[in-house]
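Here the structure is laid out as structure tokens; the discussion comes afterwards.
The sequence lines fix the lettering, A, B, ..., with proteins before strands; numbering per chain opens at 1.
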Amino acid sequence: MLTYIIRRLVFAVPILIGVNLITFALFFMVNTPDDMARSQLGAKQTSAEMIAAWKQQKGYDKPLFYNEKQPGLAKFYDTLYVQESLKLFWFDFGQADDGRQISADIQQRMAPSLAIAIPTFVIGLVTNIAFALLIVLFRGSVLDTATMVVAVAIMSISGLFYIIAGQVLFSKLWHWVPISGYAEGWDSIKFMILPVMIGVFAGLGAGIRWYRSLFLEEIHKDYVRTARAKGLSEIKVLFGHVLQNGLLPILTGVVVVIPTLFMGSLIMESFFGIPGLGSYTIDAINAQDFGIVKAMVFLGSVLYIVGLILTDISYTYFDPRVRLTA
Amino acid sequence: MFYNLIKNIVIIVFSITVIGCDASRWNSPYDVDKAQEPILFNSFSSKPKHLDPVVSYNANEWAILSQIVEPPLQYHYFKRPYTLEPLTLEVMPSVTYLNAEGQPVSGTDSSEVAYSEYVFRLKPDIFFQPHPAFVKDETGALHFQNIPPAQLTEIETLADFKTLATRRLTAEDYVYAIKRMALIQNHSPILGTLQHYIVGLATFSEQMSDVSPSVKQLRDASIAGVIVDSETQWRIRIKGVYPQFLYWLSMNFFAPIPWEAEVFYDQAGLATKNISLDTYPVGTGAYQLVENNPNKQMRLVVNPHYNHGVYPGEGLPKDANPALLADAGKPLPFIKEVIYSLEKESVPLWNKFLQGYYDASGVSSDSFDQAVSVSSSGSLALTEEMREKGIQFLNTVEPSIFYFGFNMEDPVVGGYSEQQKKFRQAISIALNFEDYVSIFMNGRGIVAQGPIPPGIFGYETDEKAALNPWVYEWQTGRAQRKSIEVAKNLLAEAGYPNGRKPNGAPLVLYYDTAATGPDSKAQLNWYRKQFQKLGIELVIRATDYNRFQDKMRGAKAQLFSWGWNADYPDPENFLFLLNGNQSIVKTHGAGVNYANYDNAEFNRLFQQIKTMQNSPQRFALVQKMVKIVQEDAPWVWGVHPKSLALYHRWYHNVWANPLANNTLKYKRIDAELRDYSQRQWNRPTFWPMVLLFAVSVILFWPLRSAYRKRQQAVIVPKSSRN
Amino acid sequence: MNDFALTPLWTDWMIWGLIASFAYLGVLVRRSRQVAQQWMRIFESKLAMISAMILCIYLLIALLDSIHFQTTSAQQMTVHQSVLDKVFSHLAVGQERTYSAPFASTEHTKSLVVNQAGEMQQLRLPLKHIRQDADFSMIGQTLSAFLFASVLSGFVVGWHLLWRSRVHQCPFKDWLNQVLLGKTRLPWRTAYLTFWGLLTLFCWLWVMSHSVHVLGTDKVGSDVLYESMKSIRTGVLIGVLTTLVMLPLALFLGISAGLFKGWVDDVIQYIYTTLNSIPGVLLIAAAVLVMQVILSNHPDWFSSTEDRADIRLMFLIFILGLTSWTGLCRLLRAETLKLSAVDYVTAAKAFGVSRMTIIRRHILPNVMHIVLIAVVLDFSGLVLAEAVLSYVGVGVDPTMHSWGNMINQARLEMAREPMVWWSLFSAFIFMFVLVLAANLFSDRVQAVLDPRNQSDQLTR
């Protein structure tokens, strides 16, 4: 098991280097160091000397991949790529263009992101499964058809509409919750209610459909027939047997998502003014802050890979038929 | 059982209602108790990048920084035209003119005067805010200059330092700030401009920047033209006559910097925790920054050592509300704490303001036009809805201009021949900025007749005399834009009848813009529509802001829009945008004359007015210059935007002064009224909740019966099979 | 004398090329009776039939909007427009000054007017391009639109009935009876009703749009109905053309990986795992930023704003295609792996049949259903993605008509008092109908073509 994990981790390294190269190439094509200097120093009255000084101070005056001026290995070492990208591997993200420490900011912003993402995820999962079970209970009836139509309708509406409508109704007209913002600790609950509700609702359509088909597959299996033959009520059959056996595919399906929760939600956070990683990323894209975007891309890739590995592990852990050979 | 259920529902609904009425502010974005204290709730939309006084130059940064640090001078809160007054000085600095040998001369005859020398005398007993940098141990050495790593790990923000101290403000702090400004490493945006004026600054900058001096080295070095006379007096010598220099002294670049602070922040461990002079400035102002979390909020609290400000008692224009003088003579500041929250989107910002959770809505946003309408007298007024809430408003024309420029080096739109002038004049008529103001700015602006905005010396207040005769006609006592037919005729005379080139091909012009924001599409369409009126096709080249600037620096744009905010209230600051020596082509991208306008007569007059003191003579010369550019039409003059501030009735002493930034100290809040109003405006609506509950209860019954039916349906066939 | 010339944009070429290749594919499918029968089963569901017709309408509008031409009138005025612009030319020309509500006769906001006496007044200005004369009656217009649509659809339906009865070699009367009772294999009754409904709606909108602004006007006074109509092209093109870009890549790489295995498989897996692991929006944002640089460095590539917006749209489609092929590629690889172990493929290999032939004969036909499912499934996602990307600021050109741009602008409008809701509402309805139809249709396609479902249905 351990060797397997290590093997997977080693396999992740080339992928991360690839990710690194792609982002590096993309961003230096878009944003030459001169551009960065100018946007940092402000629009009014920037001279060429100031730009040169800024580049030197931030280390952006080096060549991209190969430094002819340096002796020996430093030819490769003393370059922008190495300086900017390699240290990512030990999670040193360096400074943002405004001089703030990216690592410190990411740490600080992770909590609000999780405060939205985890409740949305958990409540969403529970609601989806509950509704799906309910629908399965009434399968074939009018209720089933109606719910499926509603589910498709929910899926067909852009998330932006839910957010706009939610803000207008619950905050502007009915004064139930603050329209946006965030606070630490328990105070954050009133800020979280609306985004979490919207997040759960927007995911309801796809979720119900997915879990419904999953449970329908289970319900035709023999053990269900046996349970029913024992005279168990339909509710007991569903919650006792179908849900229990369905947990494995549910679990292995969601494990891959869990690490990416750390990244936060781009749209939700910027609409609701939540100072999390999602809004951090959007701001960085708008400000063309290479350092932050690079850090976020890297972090996202790492989390994705962690998710994949976790999925594999959860398979072996819960399903004895699968064995991971080293 | 059924009765029980009904009873439960009634109880639940009732208790919700009771709780609701009691709290009545579920939607408060902050702790409701805070609303009862004299705390100002404000917002910021983009995070302040720099709060280091030598670097910071953005309006959003100055909005905070100016409350904290104090340059020697400030603008008088009320007076118009904008007037300087001493802030930390006893009196306005005195000036003596010197010849090349350093001997005083009388008068300002520029042939004789080689230098001007300003003398500054500090008020006694001004103290810095409490700060760990000033703490000394028993031996008199700074206590926190070498914090051991073990202690450093316990520190996350500046608030984690428990021992604080202060120090008296001295002349050296001001001089030290100028020395810091000279270091290229500090990226001061005004170093380039000031080294032309302050004697010895250029050489100092060159020498010291190479050394990268320590704090001690920097303290020991001196600039030839900046001399400390005593604890409370210093002198600055500048080259030639430059009356505008005093305006610079009201900017934060000249705010004092205690060297102890730099020693303190230089410690390695602090920068990695985002604690630096750039994040926690140290000053003598009315407020100190105690929390700097640009991801969420910034918090200012009163500086306990502040004692040198009183509310002004004179200078208020006659037509202003006399209640503004009610607090005259009282010691400043009134508000004890200011909380700035991050508010990136204008929509929530506006809604929270309407709900009473922000005291003022200072940001000009799209939402304003629902608040303000044009009244029958032609001026702006609040809508019914706003007046019902007791919202007040204040509008001033900002000392800035938003213009549409032609690249004068371009073969099609540029040039100085009669025909080419007519071509630009035709477009100037066609671009109907009155429409622009009413569509995109909701009336928040006045259409410009020339480069100089109102409130600045040189602006002609007589509408008829100010009229741009090439675009407007004077009709029935009002300026009237010439008709599109006139423009078409001009265009035909310029050689493009119906917007066609002489060979019959359609004329295509290119407009460069940094298109951002949801409004840009409508604006770009508007520009195209304006050109279509003349039959000209406008191609829009939209890019991001960086690219756009690049193009402008390379003089590659044909048509463009740009804006300029006054650095200081002097016509020179606007006319130099059209000075030939500032043109992009001549300066290889370093200038500010993006239109590349170059007119010998204009340039000559510019040199003349540049160093003149304000006088009727200067006024006449400025008018002459304005007439020249009106005819040449290198810009379509565009708009002077109006700033519009809405504020609630509990927010007092609000007066618009676009040049003064440190005005928070004058403002006052009636927290009781705020608390009351917030309660009134934010009663939650209950019926949807009750409805929702009722619906789910009603739905429960059919579900239950359906389930029962199903349960039987399942069982019967199975049992029959068995 | 009017000069007339076709001036197709890049994306016009692409969409018509795609239509042509789909038509060719349709002919191929018809040839094989079995496949044609199976595909026909998609339409046996009423819901799928309605959805397909709605999708067809959207596609038709997008296609009409993809025929661009220019006319030069006697006054030497050159006009670029599409066929759709021509149909709704009265809307493109009839611009108001600013906001007005649906069916309103005055502007939404008050403005300042100087009357004859020289006094300033504050009132809502009347709209310029609506009919306000006495003999104008909304009901009359509605009735006439209704009648016209009914007659026209009656004619078309009758003709179609006649044709079908010939095909089925069934007396017209019997066939009519079967259709009316809903006993035909394909739900023609539903189809005819839908056709009639859609035609009536369209006629009504068209007739009414001459007299009033049916969906109001936006900030600069453009008709919102026209804007929503024009946005259809953007949405449909992004949904459809992205797959065009994605397909060759996914097919080529997926099948190669599955068939050749070994290092080829490793490399391809590495590429798509790497791309996959980058958060999607970030990758797209980065690529769009690069694209903007390229565009601004080559101003000579386009002569007008439309060209520019069009090229940007094309790049966006390419970028979306390049970032979304990984999912399909993975599916194809797995399927190919499975197929290459099947007896007849191993046999073919053993006989030394060339790799290309194996792909063409055995692999491609057997993965086509996966491709089709992926295409219909992706469509709705891409339409929704356009809106989100425009919100983030990396979507289509801001001058382009698109739902994303409309929503983006609408956020500011919702904060006004009274609310300007009609832009958001129109974008919502137009998008919702399209995506809903696409989702319903893709459900059906999946149900019919996915072999897993078939086995399910068999056991059931």
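- Considering every non-hydrogen atom in both B:Pro348 and A:Ile179, the closest pair reads CB-CG2, 3.7 Å.
- A:Asp105 pairs by the salt bridge (charged side-chain N to carboxylate O under 4.0 Å, His left out) definition with A:Arg100, not counting sequence neighbours.
- Within the 4.5 angstrom heavy-atom criterion, atoms from both the backbone and the side chain of B:Ser28 approach chain A.
- For CD of B:Glu206, the number of neighbouring non-hydrogen atoms (other residues, nucleotides, ligands) closer than 6.0 Å is 12 at most.
- Annotation: maximal heavy-atom pairing with chain A below 4.5 Å, among B:Pro294, B:Ser46, B:Ser188, occurs at B:Pro294.
- Heavy-atom minimum distance, A:Gln101 versus B:Asn274: N-OD1, 3.0 Å.
- Considering only residues two or more places apart in sequence or on other chains, B:Glu291 meets the salt bridge (charged side-chain N to carboxylate O under 4.0 Å, His left out) condition with B:Arg299.
- Interface check for chain A: of the options B:Leu191, B:Thr685, B:Thr279, the most heavy-atom pairs under 4.5 Å are formed by B:Thr685.
- If you measure heavy-atom distances from B:Asn351 to chain A, the contacts under 4.5 Å come from the side chain alone.
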Item to check | Trace of the side-chain contact (heavy atoms from CB on, under 4.5 Å) decision for B:Asn293 with A:Gln108 | outcome: CA-CA 10 Å; B:Asn293 178 357; A:Gln108 199 181 36; 3.7 Å; yes

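- When heavy atoms are compared at a cutoff of 4.5 Å, A:Phe138 approaches chain B by way of both its backbone and its side chain.
- Using a 4.5 Å heavy-atom cutoff, the side chains of B:Gln355 and A:Pro178 are not in contact.
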Next on the checklist: If you apply the rule side-chain contact (heavy atoms from CB on, under 4.5 Å), what do you find for B:Leu342 with A:Tyr182, and how did you get there?
Outcome noted: CA-CA 10 Å; B:Leu342 180 66; A:Tyr182 187 74; over 6 Å; no

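- For the pair B:Leu703 and A:Leu143, the tightest heavy-atom approach, listed with the atom from each and the gap, is CD2-CD2, 3.7 Å.
- Here the shortest heavy-atom pairing between B:Pro684 and A:Trp176 reads CB-CD1, 4.1 Å.
- Only the backbone of B:Trp681 comes within less than 4.5 Å of a heavy atom of chain A; no side-chain atom from C-beta onward does.
- B:Glu343 approaches A:Ser180 most closely through the heavy-atom pair OE1-OG, 3.3 Å.
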